[in-house]
Amino acid sequence: MSPILTISGLHKSFGELEVLKGIDLTMQQGDVVSLIGSSGSGKTTLLRCVNLLEDFEKGSIELAGQKIGYREDGAGQRRRLPEREVARQRSMTGMAFQQFNLFPHMTAIRNVMLGLIKTKNMPKDEAREVAQKWLERVGMAARSDHYPGQLSGGQQQRVAIARAIAMNPQIMLFDEVTSALDPELVAEVLAVVRDLAVEGMTMLLVTHEMRFARDVSTKVVFMHQGRIHEEGTPDEIFGAPKTERLQGFLANSE
Ligand code: ADP
């Protein structure tokens with residue numbers, strides 16, 4: 001089976017600061033990969049590169065067999081693809097953020113329908129059906145006519161996840177989707193993500209929820225200072241961490 005995602009030798013700097021120092025990562029369809037590591041180790045930046053929200057200087061990212069973001073011109077120069085092409089490639093991924101970013105003046109279902117109509121050119125009735133189906137999947141069907149302001153943070157996040165998944169991406173990217181939530185709302189969002197994982201959705205996620213990462217992941221990747229420091233199955237990473245750095249990190253995040 002050919003991989004869904006292949007990241008090779010990825011380097012990314014912000015000015016002088018090199019944030020990603022050569023990342024290699026391969027994911028097959030149905031893989032659930034959790035990125036863990038201290039704050040500042042480059043996890044979010046890596047996710048944003050896959051979503052083409054950040055450009056990168058070196059290395060490549062292949063999504064469903066397609067190199068994304070860049071091409072080489074006739075003279076062998078690396079060029080960023082035109083924004084229209086980037087937008088098309090970006091739509092192969094779905095991303096959920098710490099902040100849910102729902103449009104406040106639109107109901108939950110309108111939020112989910114918007115991309116289907118605007119980007120996928122779906123007729124309104126069909127978009128409504130698809131949106132309702134996904135709202136149901138995240139347990140939000142009964143509140144589809146509520147505005148974001150009438151929903152709890154956990155409910156808003158579930159709508160945001162439905163909105164991303166409704167677009168039928170090849171891979172879902174989750175960036176600390178529970179960090180902005182009150183503790184009592186974390187479980188309902190993690191339950192939705194867990195269900196999607198069990199159903200075989202391919203996911204790359206950044207999380208501080210170690211128990212959750214251990215539970216849902218097919219692979220766990222520990223990042224440190226812009227590099228993959230250790231990776232393995234959840235049992236290897238949490239049950240038998242090899243490096244002192246990972247042992248220390250896990251001891252501190254209990
Ligand atoms: P993590 O997700 O592991 O906490 P990040 O990817 O958010 O790490 O950040 C990695 C490093 O990159 C940090 O030192 C952070 O300050 C820096 N960084 C992230 N985004 C920017 C930006 N837009 N401009 C400058 N520096 C950034």
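Counting convention: from 1, in listed order, for ligands and their atoms alike. These numbers come from the heavy atoms of this one structure, side chains and all, not from hydrogens, waters or symmetry mates.
Counting only heavy atoms of the protein, atom 19 (C) of ligand 1 lies nearest to Phe14 CE1, 3.4 Å. Counting protein heavy atoms only, atom 8 (O) of ligand 1 is closest to Gly42 N, 3.2 Å. Scanning the protein for heavy atoms near atom 3 (O) of ligand 1, the closest one is Lys43 NZ, 2.8 Å. What sits closest to atom 12 (O) of ligand 1 on the protein, heavy atoms only, is Val19 CG2, 3.2 Å. In terms of protein heavy atoms, atom 7 (O) of ligand 1 is closest to Thr44 CB, 3.7 Å. Closest protein heavy atom to atom 9 (O) of ligand 1: Thr45 OG1, 3.9 Å. Looking at atom 4 (O) of ligand 1, its nearest protein heavy atom turns out to be Gly40 N, 2.7 Å.
We find that Arg214 and Asp235 are joined by a salt bridge, their nearest charged nitrogen and carboxylate oxygen being less than 4.0 Å apart. Comment: Arg194 engages Asp215 in a salt bridge, judged by a side-chain N to carboxylate O separation of less than 4.0 angstrom. A salt bridge links Arg88 with Glu85: at least one charged nitrogen is closer than 4.0 Å to a carboxylate oxygen.
For the pair Met203 and Phe174, the minimum side-chain heavy-atom distance is below 4.5 Å. Residues Phe56 and Leu20 fail the side-chain proximity criterion, which asks for heavy atoms closer than 4.5 Å.
Distance check for atom 16 (O) of ligand 1: every protein heavy atom is found at 4.0 Å or beyond.
Distances from atom 14 (O) of ligand 1 to the heavy atoms of Leu17, Leu20, Leu35 show the closest one on Leu17.
For Ser38, the heavy-atom gap to ligand 1 drops under 4.0 angstrom.
Between Thr202 and Asp31, the side chains place no donor N or O within less than 3.5 Å of an acceptor N or O (distance only, hydrogens not considered). For the residue pair Thr243 / Glu230, a side-chain donor-acceptor distance below 3.5 Å is found, with atom types taken as modelled. Between the side chains of Asp175 and Thr44, at least one donor N or O lies within less than 3.5 Å of an accepting N or O.
Of all the heavy atoms of Val206, none lies under 4.0 Å from any atom of ligand 1, so neither backbone nor side chain is involved.
Below 4.0 Å from some heavy atom of Ser39 lie the following atoms of ligand 1, by number and element: 4 (O).
Other residues, nucleotides and ligands contribute over 12 non-hydrogen atoms within 6.0 Å of the CD atom of Glu199.
Considering backbone and side-chain N/O of Ser41, one or more are found under 3.5 Å from N/O of ligand 1.
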